[in-house]
Amino acid sequence: MASVKIECVVKEKYSVGESPVWEEKHGSLLYVDITEQNVYRWNPTSKQVEKIHVDAPVGAAVPRSSGGYVLAIGKRFAFLDWEKKVVTNIAQIDSDKTNTRFNDGKVDPAGRFLAANRRVVYKLEQEEVIPDGQCIDSEGKLWVACYNGGRVLRIDPETGKRIQTVKLPVSKTTCCCFGGKDYSDLYVTSATKRMDEESLQREPQAGGIFKVTGLGVKGIPSYSFVG
């Protein structure tokens with residue numbers, strides 16, 4: 001197995017970078033900054049980042065099979081036409097509740113967009129960390145980013161055992177996905193929210209997006225929303 005290499009490929013200090021999705025069609029990485037209310041596309045060839053600002057915290061953006069994207073934004077689902085920069089609302093949820101919003105979302109094999117707005121705290125490796133965004137590899141194993149844990153864990157979903165640990169140079173790792181031409185690159189988003197100046201100086205790459213190579217495993221292409 002090749003040695004694992006970790007590189008900060010997008011050096012922006014995102015407040016809460018989240019929900020990365022590799023778009024094979026464009027050869028780009030789609031992701032969001034929840035609290036800054038932005039949707040991004042990063043092209044690894046040109047190194048260019050495109051951005052669209054929306055009107056509420058955006059928990060996730062996923063490709064739509066007919067073109068454009070679907071957003072889990074605020075307390076609603078919406079379509080995003082990237083070229084026209086137009087957001088069209090689809091459905092409202094939890095309209096009677098306050099202090100709630102979408103935090104993450106993915107498309108399942110049936111083409112349905114599933115989004116969540118709750119978190120559960122677990123104790124991992126004797127430290128209080130929050131299992132956050134995750135993805136699956138071609139061998140059916142889970143990769144879970146640990147918020148406040150500074151690492152991504154590879155876990156066997158059948159036994160619950162940790163197989164591999166990838167430590168990142170930042171503590172607030174938020175989500176991960178496989179991408180690249182053969183899906184052998186693992187992309188990891190991170191956050192800076194609630195970090196003080198001392199913490200930011202200690203973690204100068206906090207809020208950036210990282211590419212992990214040399215893992216010896218590959219991911220699978222993401223699914224698109226069928227609507």
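Treat the numbers as computed from the prediction; the structure is a model and nothing was measured.
In this structure, I73 is not a member of the same hydrophobic cluster as V86, with clusters built from ILVMFWY side-chain heavy atoms closer than 4.5 Å. Clustering ILVMFWY residues whenever any of their side-chain heavy atoms sit less than 4.5 angstrom apart, transitively, puts V49 in the very cluster that holds V9. V4 and F210 fall within the same hydrophobic cluster, where Ile, Leu, Val, Met, Phe, Trp and Tyr residues are linked whenever their side-chain heavy atoms come under 4.5 Å apart, directly or through other members. L114 and V70 fall into different hydrophobic clusters, defined by Ile, Leu, Val, Met, Phe, Trp and Tyr side-chain heavy atoms under 4.5 Å apart, directly or through other members. Hydrophobic clustering of Ile, Leu, Val, Met, Phe, Trp and Tyr side chains at less than 4.5 Å, counting indirect connections, unites V16 with I52.
If you take CD on E139 and CD1 on I163, they are separated by 8.0 Å, rounding to the nearest 0.5 Å. A distance of 6.0 Å separates NZ of K5 from OG1 of T213, quoted to the nearest 0.5 Å. With rounding to the nearest 0.5 Å, the separation of CD in E23 from OG in S222 is 7.5 Å. A distance of 11.0 Å separates OG in S19 from CG in D33, rounded to the nearest 0.5 Å. Separating the CD atom in Q205 from the NZ atom in K11 is a distance of 7.0 Å, to the nearest 0.5 Å.
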Stepwise, does the side chain to side chain contact (heavy atoms under 4.5 Å, CB included) test hold for C177 with L29? CA-CA 9 Å; C177 79; L29 189 72; 3.7 Å; yes

Please walk me through it: do D156 and R162 pass side chain to side chain contact (heavy atoms under 4.5 Å, CB included)? CA-CA 7 Å; D156 186 328; R162 175 169 54 87; over 6 Å; no

Evaluate side chain to side chain contact (heavy atoms under 4.5 Å, CB included) for H26 paired with W82, printing each intermediate quantity in order. CA-CA 13 Å; H26 300 293; W82 189 273; over 6 Å; no

Kindly determine whether E50 and W42 satisfy side chain to side chain contact (heavy atoms under 4.5 Å, CB included), including the steps that lead there. CA-CA 6 Å; E50 299 177 273; W42 172 71; over 6 Å; no

I would like to know whether E12 and K51 meet salt bridge (Lys or Arg N to Asp or Glu O under 4.0 Å); could you show each step before the answer? CA-CA 12 Å; E12 301 292 333; K51 177 182 75 173; over 6 Å; no

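Side-chain contact between T192 and K172 is absent, with no heavy atoms from C-beta onward closer than 4.5 Å. A heavy-atom distance below 4.5 Å is not found between the side chains of V58 and I34. Residues L153 and R151 meet the side-chain proximity criterion, which asks for heavy atoms closer than 4.5 Å. Between W143 and D137, the closest side-chain pair of non-hydrogen atoms falls below 4.5 Å. Between F79 and I90, some side-chain heavy-atom pair lies under the 4.5 Å cut-off. Inter-residue side-chain proximity for I220 and I136 is flagged as met; some heavy-atom pair is nearer than 4.5 Å. Looking at I209 and P20, their side chains never come closer than 4.5 Å, going by heavy atoms from C-beta outward. At least one side-chain heavy atom of P157 sits less than 4.5 Å from a side-chain heavy atom of K141.
Here the side chain of K13 pairs a donor or acceptor atom with the backbone of P204 at under 3.5 angstrom. In this structure, K106 contributes its side chain and Q134 its backbone to a donor-acceptor pair below 3.5 Å. Proximity of a side-chain donor or acceptor of T173 to a complementary backbone N or O of C146 within less than 3.5 Å is detected.
Between F178 and W22, the distance separating the two ring centers is not shorter than 6.0 angstrom. Less than 6.0 angstrom separates the ring centroid of F77 from the ring centroid of F113.
Listed here is the closest heavy atom pair of E18 and C175: OE1-CB, 3.3 Å. Nearest heavy-atom pair, Q164 versus L215, reported as atom, atom and distance to 0.1 Å: NE2-CD2, 3.6 Å. Nearest approach of V39 to V54, heavy atoms of both residues: CG2-CG1, 4.5 Å. Nearest approach of V152 to C176, heavy atoms of both residues: CG1-SG, 4.2 Å. Shortest non-hydrogen contact noted between A61 and L71 is CB-CD2, 3.5 Å. Closest heavy-atom contact between T189 and G17: OG1-O, 3.5 Å.
Remark: of the listed residues L80, D81, V87, L80 is the sole one forming a side-chain contact (heavy atoms from CB on, under 4.5 Å) with Y69.
For the residue pair Y14 and Y31, a side-chain donor N or O sits within less than 3.5 Å of a side-chain acceptor on the partner. In summary, the side chains of T35 and S15 do present a donor paired with an acceptor at a separation below 3.5 Å, with no hydrogens or angles considered. In summary, the side chains of D185 and Y183 do not present any donor paired with an acceptor at a separation below 3.5 Å, with no hydrogens or angles considered. Counting only N and O atoms by type, the side chains of S190 and T174 include no donor and acceptor under 3.5 Å apart.
With respect to the salt-bridge test (charged N to carboxylate O, under 4.0 angstrom), the residues K193 and E36 do not qualify.
Counted within 6.0 Å of NZ on K218, heavy atoms from surrounding residues, nucleotides or ligands total 12 or fewer; the atom is thus considered open.
A cation-pi arrangement is absent between R112 and F225 under the rule of less than 6.0 angstrom and at most 45 degrees off the ring axis.
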